[in-house]
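A short write-up of the structure that comes next.
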Amino acid sequence: MSNWKSYQLLMPKTILYGPGCLKSVGGKSKILGKKALIVTDSIMVRVGYVDKLKEILKEQDLDNVIFDKVNFEPTTTLIDEGVALFKKENCDFLVAIGGGSSIDAAKAIGAMATNQGNIKDYMGIDKILNPSPPIVVIATTSGTGSEVTKFTIISDEENNVKMLIGSACIVPTIAVNDPLLTISVPQKITAATGIDALCHAIEAFISKKGQPYTDVLALSAVRRISKYLRKAWADGDDLESRSEMMLASMEAGIAFSNASVTIIHGMSRPIGANFHIPHGISNAVLLSSCMEFAMMGAAEKFLELAEAMGENITGMSTMAGAKIAVDAMDKLCRDINIPSILGLGVDKERFLSLVSKMADDALDSGSPANTPRKATKEEIIEIYKKAL
């Protein structure tokens, strides 16, 4: 009897990728509406990307209004502002241009444009019932994968919690991955977002919710990142490396959107919420410690990861090969100067005073439950301490 089950795979209706694909956005967006709320940050305005986007939309007679306040990870208050502007200006679709924060904000604004209450009411999975207006997402970093996922992360300022919200209703309509937009990304952001993409790929691959197709995408992303992240970090003008990293980020995004994430993301969100550390880097500082813990529950999968990362595991036992995979993750992080938690300037005493609450928040998020090795609160606390 077959062991196969039935699966669902969610992704945008249209995905544009490759150098120069931004130019196609206007024509593809014309069928979505007449007026766009452009959700972005001040950096995208300053470097000229927003003006370039406006010209592309104007060529197709598409009107727009700019919401450029996403200069930090989005909060409930920011989302309320964006929704008010969307409605006041009678917009009928959204265009996000920027990194993960702008994309997450656009998804949340879209959700609240068509659903009642406050974004806090929708924390969790599949609580959003009404589809968002069409969302076009133009990614300018290679890491979050948010342009192809059903997830958004919004900070609840009152409770110091980063809310994971997931729904098929907020999957972008069009995803745009033009690596020419990543050439200007600074080295530190290239490192953080690149390891974020690696976390997405690895977690999707080992997740209990994984499926055959997500495994294929996840391993492909691991191969690309292992081969090209160091090059993209060392030389940001290397278009081949930038293109490969953007493709890897997209693959990893589709993989984790459908297979979910595990202990890394569960533990990283409380760090970000309490210490205001960007999502990508809070994942990166936990990668090695979390995966060293998880490998005991999925040694065979870690053996495959070692091979995908280009490691020679010929003749090794399963456990020895699994350990090689974790060592390779750690080495990649060190090669591109990913710091420890304390290396981020986090106060040790305050961190230790919060580990119990952070462990509770991590478990409450549900993500650690997808890990192939079950983690107790005490074990999560020890992983936090080890990552210091």
Side-chain angles (χ1 to χ4, degrees), residues 3-4 191 194-234 241 244-245 247-249 251-252 255-256 259-268 283-340 367-376 379-380 382-387:
N3 290 323
W4 274 74
I195 295 297
D196 191 20
L198 182 64
C199 290
H200 293 155
I202 291 170
E203 289 185 278
F205 186 64
I206 68 170
S207 172
K208 289 181 178 179
K209 295 182 179 178
Q211 53 175 284
Y213 195 72
T214 58
D215 282 355
V216 170
L217 289 172
L219 281 180
S220 178
V222 170
R223 290 188 191 98
R224 292 183 201 278
I225 295 166
S226 300
K227 183 175 181 180
Y228 290 101
L229 177 52
R230 290 178 178 89
K231 294 180 181 179
W233 177 82
S241 298
E244 293 284 352
M245 282 302 301
L247 180 54
S249 175
E251 290 175 321
F256 92 82
S260 199
V261 287
T262 65
I263 192 169
I264 298 174
H265 275 69
M267 289 179 62
S268 77
N283 280 335
V285 296
L286 291 169
L287 172 60
S288 300
S289 300
C290 284
M291 290 302 96
E292 185 175 19
F293 172 84
M295 75 173 184
M296 297 295 289
E300 294 83 2
K301 287 225 159 188
F302 274 79
L303 194 67
E304 291 184 72
L305 286 170
E307 190 172 31
M309 295 187 77
E311 299 298 317
N312 183 3
I313 54 172
T314 305
M316 288 187 181
S317 67
T318 301
M319 283 308 303
K323 184 63 168 64
I324 289 292
V326 176
D327 290 343
M329 296 171 201
D330 184 62
K331 185 175 188 307
L332 178 54
C333 287
R334 285 187 282 107
D335 284 349
I336 59 173
N337 293 342
I338 296 295
S340 64
S367 296
N370 300 324
T371 310
R373 179 182 174 185
K374 185 177 180 180
T376 65
E379 287 169 328
I380 287 177
E382 287 308 308
I383 296 171
Y384 272 133
K385 291 178 179 178
K386 187 171 184 178

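Just so it is clear, the structure is predicted and the values come from calculations on it, not from any experiment.
- Within a 6.0 Å radius of NZ in Lys208, more than 12 heavy atoms belonging to other residues, nucleotides or ligands are found.
- Residues Ser241 and Ala232 share a closest heavy-atom pair of CB-N, 3.7 Å.
- The minimum heavy-atom distance between Ala221 and Ala248, with the atom names listed, is CB-O, 3.5 Å.
- Interatomic distance, OG of Ser226 versus CE of Met329, reported as 8.5 Å (0.5 Å rounding).
- From Arg334, atom CZ reaches atom OG of Ser288 across 8.0 Å, with rounding to the nearest 0.5 Å.
- Taking Arg373 as the reference, Phe293, Met296, Glu379 meet the side chain to side chain contact (heavy atoms under 4.5 Å, CB included) condition, with sequence neighbours excluded.
- Under the side chain to side chain contact (heavy atoms under 4.5 Å, CB included) criterion, Ser340 pairs with Leu342, sequence neighbours left out.
- Residues Ala252 and Ala197 share a closest heavy-atom pair of CB-O, 3.5 Å.
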**Message:** For a side-chain contact (heavy atoms from CB on, under 4.5 Å) check, start with the C-alpha distance between Lys301 and Asp215, then their side-chain angles and the critical distance, and finish with the verdict.
**Reply:** CA-CA 10 Å; Lys301 287 225 159 188; Asp215 282 355; 3.1 Å; yes
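- Using a 4.0 Å cut-off between a side-chain N of Lys or Arg and a carboxylate O of Asp or Glu, Glu251 and Arg224 qualify as a salt bridge.
- Among all heavy-atom pairs drawn from Met267 and Ile380, the shortest one is CE-O, 3.6 Å.
- The environment of CD in Glu311 is crowded: more than 12 heavy-atom neighbours from other residues, nucleotides or ligands sit within 6.0 Å.
- Here CD1 of Ile264 is found 6.5 Å from CD1 of Ile202. Values are rounded to the nearest 0.5 Å.
- Under the 3.5 Å distance criterion, the side-chain polar atoms of Asp335 are left unmatched by any main-chain donor or acceptor of Asn337.
- With 3.5 Å as the limit, one finds a donor-acceptor pair spanning the side chains of Asn370 and Ser260.
- Between atom OG of residue Ser249 and atom CD1 of residue Ile225 there is a gap of 7.5 Å, rounded to the nearest 0.5 Å.
- Partners of Ala294 according to the side chain to side chain contact (heavy atoms under 4.5 Å, CB included) rule, which considers only residues two or more places apart in sequence or in another chain, are Ile206, Met291, Phe302, Thr371.
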